[in-house]
Amino acid sequence: PSCMREAALEIPQVRWEDIGGQHETKQLLREAVEWPLLHPEAFQRMGIRPPKGVLLYGPPGCSKTLTAKALATEAGLNFIAVRGPELFSKWVGESEKAVRAVFRKARAAAPAIVFFDEIDALTIKRGASGSSTSVGDRVLAQLLTEMDGIEPLVNVIVVAATNRPDVIDPGILRPDRIDRLVYVGPPDLVTRGEILRIQLRKTACASDVDIDILADRTDGFSGAEVVALCQDAAIEAISEDPDAEFPVEEKLLRATGAGQVVGRLRNYE
Ligand code: ATP
């Protein structure tokens with residue numbers, strides 16, 4: 001009997017246009033993932049191997065997961081999502097099996113992206129726990145085996161995400177493994193404006209809401225915090241007057257003014 005949960009297979013519905021800003025990230029990923037899939041013969045002719053893996057790193061809530069999903073949606077790839085900590089199992093040996101199962105599934109679903117969120121959980125530097133044969137080490141070894149593959153990874157791309165690139169075992173980042181590192185940073189002023197615009201498109205909100213002021217006042221917010229702000233304002237507006245027409249703007253301004261969320265991101269580093 002298997003005690004493991006199946007890795008979820010889903011077809012994401014995130015378009016590039018749903019992600020504010022991050023233009024450079026989007027471009028880098030298209031080059032690394034889409035081009036080799038669209039032009040395999042060109043890569044062969046040039047004698048270069050398409051990348052097997054990409055690491056997205058940066059502070060929480062700033063669109064790493066969203067980006068991985070958009071990549072799958074836009075390139076027409078299946079998407080297998082695994083959270084690093086999920087792979088750890090209390091039963092000896094099950095964790096490696098779980099890693100094998102993920103890759104088996106990915107090969108069967110190719111072309112596909114395997115998305116390892118919180119990859120730092122399974123690649124804490126070897127030996128960090130003191131013992132040389134910890135579960136973490138064996139899971140990592142299994143991951144490396146899968147990527148180096150006797151069975152080649154055909155049209156399977158590993159996308160990993162972490163807030164803590166510093167604790168990742170360097171072995172995993174070596175050439176021909178997860179060797180493209182892409183920083184996904186906090187949203188700047190323009191990006192916050194775009195996120196607000198994307199979010200407020202769906203909200204009963206006056207058309208003259210001053211996005212620029214809101215973008216300015218949300219300095220230090222993560223993308224997720226900007227989205228949460230819009231949702232909180234909408235909920236507050238509904239609770240005060242469910243029939244009001246455009247109550248959201250004032251709430252937004254008040255919420256940003258309150259400064260509750262401001263600064264949380266600044267403490268990251
Ligand atoms: P974590 O490290 O916590 O897993 P993450 O970087 O993977 O975070 P996401 O899960 O991609 O972050 O983002 C969380 C939510 O924040 C998204 O579902 C989305 O609603 C919002 N968000 C963050 N950044 C953006 C952005 N640039 N454009 C639009 N929405 C964003």
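In listed order, ligands and their atoms are each counted from 1. Fair warning: this is a prediction, and the values are worked out from it, not measured in the lab. Sequential numbering from 1 along the given sequence is applied to the chain's residues.
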_Min side-chain heavy-atom separation Ser95-Arg138 under 4.5 Å_ = no
_As a quick check of understanding, evaluate side chain to side chain contact (heavy atoms under 4.5 Å, CB included) for Phe221 and Ile195, giving each step before the final call._
CA-CA 11 Å; Phe221 280 45; Ile195 298 173; over 6 Å; no
*So do the side chains of Leu143 and Ile119 get within less than 4.5 Å of each other, counting heavy atoms only?*
yes
*Numbering as shown, the atoms of ligand 1 that approach Asn163 to under 4.0 Å (heavy-atom distance)*: 2 (O)
*asked:* Tell me the protein heavy atom at minimum distance from atom 16 (O) of ligand 1, and give that distance in Å.
replied: Ala224 CA, 3.1 Å
*Can you tell me the protein heavy atom closest to atom 12 (O) of ligand 1 and the distance?*
Ser63 N, 3.3 Å
*Has ligand 1 got any nitrogen or oxygen that is less than 3.5 angstrom from a nitrogen or oxygen of Gln22?*
no
_Suppose I only count heavy atoms of Val227 and a 4.0 Å limit; which atoms of ligand 1 are within that range?_
20 (O), 21 (C)
*What is the nearest protein non-hydrogen atom to atom 4 (O) of ligand 1, stated with its residue, atom name and distance?*
Asp117 OD2, 3.7 Å
*Ile198 to ligand 1: N or O pair under 3.5 Å?*
no
*Considering only the protein, which heavy-atom contact is closest to atom 22 (N) of ligand 1, and what is its distance?*
Gly223 C, 3.8 Å
_Single-linkage hydrophobic cluster, 4.5 Å side-chain cutoff, Phe43 and Leu29 together_ = no
_Tell me the protein heavy atom at minimum distance from atom 28 (N) of ligand 1, and give that distance in Å._
Gly20 N, 2.9 Å
_Under 4.0 Å, counting heavy atoms only: does Thr67 come that close to any atom of ligand 1?_
no
*Look only at the side chain of Asp219 and the backbone of Asp216, and say whether a donor-acceptor pair between them is shorter than 3.5 Å.*
no
*Can you tell which of Thr191, Asp18, Val14, Leu56 gets a heavy atom nearest to atom 29 (C) of ligand 1?*
Asp18
*Please report the C-alpha distance between Lys64 and Asn163 in whole Å, then the side-chain angles of each, then the deciding distance to 0.1 Å, and finally whether the side chain to side chain contact (heavy atoms under 4.5 Å, CB included) criterion is met.*
CA-CA 10 Å; Lys64 294 183 295 299; Asn163 309 321; 3.2 Å; yes
*Closer than 4.0 angstrom: is that true for some heavy atom of Ile195 and an atom of ligand 1?*
yes
*asked:* With side chain to side chain contact (heavy atoms under 4.5 Å, CB included) as the test, pick out the partner of Ser63 among Asp18, Val184, Leu56.
replied: Val184
*Examine distances only and state if a side-chain atom of Lys26 and a backbone atom of Gly21 form a donor-acceptor pair shorter than 3.5 Å.*
yes
*Using non-hydrogen atoms of the residue, decide whether Gly61 is closer than 4.0 angstrom to ligand 1.*
yes
*For atom 19 (C) of ligand 1, what is the nearest protein heavy atom, given as residue, atom name and distance?*
Leu66 CD2, 3.8 Å
*Do the side chain of Gln199 and the main chain of Val226 share a donor and acceptor less than 3.5 angstrom apart?*
no
*Take the angle between the ring planes of Phe115 and Phe79 and call it parallel below 30°, perpendicular above 60°, tilted in between.*
parallel
_atom 7 (O) of ligand 1 - nearest protein heavy atom and its distance_ = Thr65 OG1, 2.6 Å
*Are any of the heavy atoms in Cys62 under 4.0 Å away from ligand 1?*
yes
